[in-house]
Amino acid sequence: MIEFENVSFSYEKDRPVLRDVSFRIETGEAVGLIGANGAGKSTVMKLLLGLLSGEGRIAVDGVEVRKENLREIRRKLGFVLQNSDNQMFMPTVCEDMMFGPLNYMVSREQAEKKVDEVLAQLGLTELKYRHNHRISGGEKRMAAIATILAMEPEAVLMDEPSSALDPCNRRLVINVIRSLPQTKLITSHDLDMIWDTCSRVILLSGGRVAADGPAREILRDRELLEKHRMELPLRFQS
Amino acid sequence: MNKMEKALHELGEMDDLAARSSPIHDMSATAKLLTTIAYIVTVVSFDKYDLSGLIPLVLWPVLLFQLGGIPVRTCFYKLRIVLPLVMAVGLFNPIFDRAPLLFLGSVAVSGGVVSMLTLMLKGVLCLMASFLLMATTPIDCLCASLRTLRVPKTLVTLLLLTYRYVGVMTEELAIMTDAYHLRAPGQKGIHVSAWGSFLGQLLLRSMDRAQELYASMLLRGYHEHFHYAPVKPFTAKDAAYLAVCLGVFALLRFVPVAALLGGALVR
């Protein structure tokens, strides 16, 4: 479903952020994109969403990420930002959730029906008419995920979905991610969360793919992780 | 809570006020918008010495405060920064215009004093009318109504996003102010030497956040066309409200009601 072929990118000449990155994610896969700060994780996401453009070929369902295809690509990919405050800009949760569908010409009635469905699926029905500035951080993160699900994306991309959450809300988000049937690409430093939600891990280091394989192998490989400025998940550190 | 957080809280309170339900809140945004515009035009059109003509127009905001369940205190509290500026507009009139205009008993009142009071009253009434519109109409409905009135979509989107970005900038300012005060204990305000870097940082941070917000909009299919909240239908009740208000404003503008009433009482 998602293809990266020899993708390179640099913000400044002679300081490449990504070098010759290639990977392929199949439909329905849950992939964790991990790496130390500055490894290029966010850049991969931005390139995939067409917010940046680099060299090489990036495609979603065979459709190349190019300016003329962005609307189609963005319809397929739902992106949950790290900072939910930046994702929620409408006055109420309901209006925020309807923002995407309405832009894709779904009627207001259908959009509201979808909003009800998604809120019920996530157990957030009581948030529907709440004002965005009046809900807690945990509720906001869940609502941000709901805004993306209301668009019925084929793949969900998440940037640090468990950051700044208390243990209870973190567990809630993990359970929601696990329940999603869509293809998932998740960047995070929370390797325990990646262990719980992803079957495959891509480790980025210095702008290159340092490892790509089953989460059960990579996340238990202390030597590999430490070599790339990472640590074993907390559950294996005893 | 620092000053910026308070400002942010107050912004949220305006949204809460607008989301309430009352006979005024439930009316079509278009009717309220047109009435407010008509009211402001009427107020502004009075001659600078026509203080008595303006006085009956005070009744309209009073009525809206009552019907909308909006506390008058809240209005004056929220307008506390702008009101003194508006009040200051005519302060120099008594100096430049000293010719007596009327006599209160044996006391001569100069044209400057009357025009100052008129200007002040005009300013206060216009601000109150704008506040009442914002306090009884959510910003999205207001923008939707502007679109139905054929105001260009770029202008309307600009208005809506400016309203949103005020919150974003205030949030950033609140974080920066907290960070500053935690490392400058006992200092009042921000030292003048830090103003430049403070403003520069604020601009950069706000731009970063604004860019991320815009990216979030683009990723959800935004394409220069904002889908506003559905416009409440313009009902017969709204038409009647608009007609009555316009009629009363026209009456108060062209018939010296206050002078006639005063004359009748004196007789």
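Excluded from the calculations below are hydrogen atoms, water molecules and symmetry mates; all remaining heavy atoms, backbone and side chain alike, are included. Quick note on labels: first sequence line is chain A, next is B, and so on, each numbered from 1.
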message: Out of B:Asp15, B:Ile139, B:Asp16, return the one with the most heavy atom pairs under 4.5 angstrom to chain A.
response: B:Asp16

Chain B contact via [X] - side chain, backbone, both or neither, heavy atoms under 4.5 Å:
X       : answer
A:Glu95 : side chain
A:Arg75 : neither
A:Phe99 : both
A:Leu81 : side chain
A:Phe79 : side chain
A:Met98 : neither

- prompt: Which residues in residues 203-223 of chain B have a heavy atom less than 4.5 Å from any heavy atom of chain A?
  reply: B:Arg209, B:Glu212, B:Leu213, B:Ala215, B:Ser216, B:Met217, B:Leu218, B:Leu219, B:Arg220, B:Gly221, B:Tyr222, B:His223

- prompt: What residues of residues 146-161 of chain B sit under 4.5 Å from chain A when only non-hydrogen atoms are counted?
  reply: none

message: Using only non-hydrogen atoms and a strict under-4.5 angstrom cutoff, which residues of residues 109-143 of chain A touch chain B?
response: A:His131, A:His133, A:Arg134

Those residues of residues 37-66 of chain A, ordered by number, that approach chain B below 4.5 Å (heavy atom to heavy atom): A:Leu49, A:Leu51

- prompt: Looking at A:Leu70, A:Thr147, A:Asn83, A:Leu77, which has the largest count of heavy-atom pairs under 4.5 Å with chain B?
  reply: A:Thr147

query: Of all of A:Ile148, A:Asp85, A:Thr92, which one pairs up most often with chain B through heavy atoms under 4.5 Å apart?
result: A:Asp85

- prompt: Under 6.0 Å from the CZ atom of A:Arg229, do we count more than 12 heavy atoms belonging to anything else shown?
  reply: no

message: For B:Arg183, I'd like to know if atom CZ has over 12 heavy atoms of other residues, nucleotides or ligands within 6.0 Å.
response: no

- request: Could you look at B:Asp140 and say if it's the side chain, the backbone, both or neither that has a heavy atom under 4.5 Å from chain A?
  value: side chain

